[in-house]
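Not measured: the values here are computed from a predicted model. Every chain is numbered from 1, with letters handed out A, B, ... down the list of sequences.
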Number of protein chains: 2
Amino acid sequence: MSDTHTGVPSALEYELPRPVPADELAACPAGEVFRRVGDKWSVLLVVLLGGRPHRYNELHRAVEGISQRMLTRTLRGLEIDGLVRREVLPTVPPSVEYSLTPLGRSLLVPLSALADWAVRHEGDIRRARSDSTGR
Amino acid sequence: MSDTHTGVPSALEYELPRPVPADELAACPAGEVFRRVGDKWSVLLVVLLGGRPHRYNELHRAVEGISQRMLTRTLRGLEIDGLVRREVLPTVPPSVEYSLTPLGRSLLVPLSALADWAVRHEGDIRRARSDSTGR
DNA sequence: CAGCATCCTGATTGATACTG
DNA sequence: CAGTATCAATCAGGATGCTG
């Protein structure tokens, strides 16, 4: 890790963990992720599974508001992306347990930071909104 | 409340900055934010404006791929949420400069963390995807 | 230059019904 | 219990054309 990065002047009032690869972001890599983060269900499920593994209907009940279709779809997507692991338990009534993969757990970190920001600045946003409401 | 799950905080794997308020998240506060983050344009514009203030067509050129409609819409949304500031400069050909508000700049931090994660784990996701390609 | 209005398309989502 | 299948509605988003 070289210390001296690009000659970016310290014109930033807030410090950025990284210069933020705007190009990269525009390209695609982060785009995919932000897509996932975009839909409420994915984030919610990751967070939920971050606490504990859940079974299908357990998730259905926990979220309550999501349709089976979306629950399945979202879980599939997360599974495909390697964020969630799906394990079928050999019980008489079939049970399926969903859990976070290490990759999924690692996502939980920046996700938490964002969620934290959201909670912390919820008031600011609402105020800003009502300030220009009804126009 | 401390870490209530698996007893031993296995910091060996991944540590969570916060237990992540699943309830809060499900409620709405964060939901709004994740909505914003969801659409690629918002994030991209925030990142772009995070580097420097830009004028309308400047953004249009920078992003290049966004339609005027979406550019305007997204900027409006960000402005309403108090993340972006719109300043009309009294020039002969009207110029409008968009910049990040302090709130917007603060969002840049967790956003960068997420973008960083995305870039870092891009390969993992791609691998996971091609591994279970639904061909 | 900056921005709005209109039309149109495809992806996303929800409700419902059915199955192993 | 854990899904899949289908239909209809919604909506993000793009293209185009027109103002101040």
Less than 4.5 Å apart, side chain to side chain, heavy atoms only: is that true for A:Val46 and A:Val37?
no
Check ion pair B:Asp116-B:Arg120 (N to O, under 4.0 angstrom)
yes
Within the structure, does a side-chain N or O atom of [X] lie under 4.0 Å from either OP1 or OP2 of [N]?
X	N	answer
A:Tyr56	D:dT4	no
B:Arg55	C:dC1	no
A:Arg76	D:dT4	yes
A:Tyr98	D:dC1	no
B:Arg73	D:dG13	no

Working note: A:Glu58 + A:Arg61, criterion salt bridge (Lys or Arg N to Asp or Glu O under 4.0 Å); need CA distance, chi angles, decisive distance, verdict.
CA-CA 5 Å; A:Glu58 205 173 354; A:Arg61 260 177 274 112; 6.0 Å; no
Shortest side-chain distance from A:Gln68, nucleotide among D:dT4, D:dG14, C:dG20:
D:dT4
Looking at C:dA2, D:dA2, D:dG14, which one has an atom nearest to any side-chain atom of B:Arg69?
D:dG14
Any luck finding a side-chain donor-acceptor pair between B:Tyr56 and B:Ser95 under 3.5 Å?
no
Whole angstroms only, please: what is the [atom1]-[atom2] distance between [X] and [N]?
X	N	atom1	atom2	result
B:Leu44	D:dA12	CG	P	18 Å
A:Leu89	D:dG3	CG	P	11 Å
A:Glu64	C:dA15	CD	P	12 Å
B:Ile66	D:dA12	CD1	C1'	12 Å
A:Arg36	C:dA11	CZ	C1'	14 Å
A:Leu71	C:dA15	CG	P	14 Å
A:Met70	D:dA2	CE	P	19 Å
A:His60	D:dT4	NE2	C1'	14 Å

By the definition side chain to side chain contact (heavy atoms under 4.5 Å, CB included), identify the one residue from B:Leu49, B:Leu103, B:Leu45 that meets it with B:Val84.
B:Leu49
How do B:Asp39 and A:Pro93 order along DNA chain D: which one's closest nucleotide is nearer the 5' end?
A:Pro93
Which part of the nucleic acid does B:Arg35 contact within heavy-atom distance under 4.0 Å: base, sugar-phosphate only, or nothing?
nothing
Across the strands shown, which category fits A:Arg86 at heavy-atom distances under 4.0 angstrom: base, sugar-phosphate, nothing?
sugar-phosphate
